[in-house]
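Reading through the structure tokens given below for one structure.
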Amino acid sequence: MLDTVLAFLASRDLGVLATADAAAPHCSLMAYVMTRDGDICMATLPDTRKWRNVLDNPEVSLLVDNRELLPELGREALCAVTVTGRHTPFSDPAGEAAAKRLLAERHGHLGGILTRPEARVIRIRPTAYQIVEGPVRSRVVAAAP
């Protein structure tokens with residue numbers, strides 16, 4: 001099942017990132033990439049609410065789905081994965097630079113953000129995945145250790 005979840009996430013590239021501060025939750029539509037070790041990375045600028053939120057509260061979730069396929073395939077084809085995880089900052093600039101290169105390769109439209117020296121990478125280390133298939137089938141899968 002974990003392989004199915006990871007393959008689904010690798011086949012997509014947009015998701016809704018949920019962060020929270022002490023006052024309220026906040027959602028952001030984000031382009032992302034998955035690294036070889038299963039982390040999920042996305043670019044942001046440091047003056048955004050989501051960045052401030054992950055610094056104060058690193059617990060996040062990311063919803064990735066295939067809703068754009070539903071008009072053709074019908075609701076039974078719905079697949080959605082909620083990734084539960086934790087923002088884990090890079091300990092070295094080389095790691096963050098590598099994530100930025102991956103993002104630039106997959107998401108050329110992010111060049112305006114990624115070329116700015118203040119750009120940051122939100123790196124999610126997944127702890128669990130919830131997969132919903134169709135309108136009622138739901139399963140939780142632990143992330144690999």
Side-chain angles (χ1 to χ4, degrees), residues 1-70 75 77-145:
M1 177 54 60
L2 181 58
D3 289 342
T4 300
V5 168
L6 295 176
F8 178 80
L9 291 171
S11 75
R12 318 305 302 160
D13 64 3
L14 286 174
V16 178
L17 175 69
T19 64
D21 62 16
H26 177 69
C27 291
S28 305
L29 183 61
M30 301 291 291
Y32 72 88
V33 294
M34 290 185 61
T35 65
R36 286 186 192 174
D37 59 358
D39 291 344
I40 298 171
C41 295
M42 51 202 78
T44 191
L45 295 172
D47 61 349
T48 62
R49 183 174 174 189
K50 64 185 151 288
W51 183 249
R52 289 188 304 273
N53 284 356
V54 299
L55 292 180
D56 290 341
N57 177 4
E59 302 300 323
V60 300
S61 64
L62 179 73
L63 173 68
V64 178
D65 64 39
N66 68 349
R67 75 182 90 174
E68 78 278 5
L69 301 177
L70 296 186
R75 297 251 178 210
L78 171 71
C79 186
V81 171
T82 299
V83 179
T84 302
R86 182 176 185 85
H87 165 62
T88 306
F90 289 92
S91 59
D92 66 331
E96 188 167 24
K100 287 180 181 178
R101 283 192 300 277
L102 280 176
L103 283 158
E105 289 170 11
R106 179 117 189 222
H107 299 285
H109 66 281
L110 292 177
I113 293 173
L114 293 169
T115 58
R116 293 173 67 172
E118 70 271 24
R120 297 292 175 259
V121 175
I122 296 172
R123 177 172 64 162
I124 300 172
R125 288 260 164 101
T127 55
Y129 307 95
Q130 180 181 7
I131 184 167
V132 175
E133 298 170 297
V136 295
R137 291 181 308 280
S138 175
R139 290 175 268 183
V140 174
V141 179

[atom1]-[atom2] distance between [X] and [Y], expressed to the nearest 0.5 angstrom:
| X | Y | atom1 | atom2 | answer |
| --- | --- | --- | --- | --- |
| L14 | L63 | CG | CG | 11.5 Å |
| D39 | I124 | CG | CD1 | 9.0 Å |
| L17 | M30 | CG | CE | 6.0 Å |

When you compare the side chain of [Y] with that of [X], does any pair of heavy atoms fall below 4.5 Å?
| X | Y | result |
| --- | --- | --- |
| F90 | C41 | yes |
| L62 | T82 | no |
| D21 | R52 | no |
| I113 | L45 | yes |
| H87 | N53 | no |
| I131 | F8 | no |
| I122 | Y32 | no |
| V33 | E105 | no |

Looking at T127 and T84, would you say the former's side chain and the latter's main chain have a donor-acceptor pair under 3.5 Å?
yes
When you measure from the side chain of E96 to the backbone of V121, do you find a donor-acceptor pair of N or O atoms at a distance under 3.5 Å?
yes
On a heavy-atom basis, which atom in [X] and which in [Y] lie closest, and how many Å separate them?
| X | Y | result |
| --- | --- | --- |
| P25 | R49 | O-NH2, 3.7 Å |
| P46 | E118 | CD-O, 3.2 Å |
| A31 | H109 | CB-NE2, 4.2 Å |

Could you go step by step and tell me if M34 and L6 meet the side chain to side chain contact (heavy atoms under 4.5 Å, CB included) rule?
CA-CA 9 Å; M34 290 185 61; L6 295 176; 3.9 Å; yes
Tell me whether the count of non-hydrogen atoms from other residues, nucleotides or ligands lying under 6.0 Å of CZ in R67 goes above 12.
no
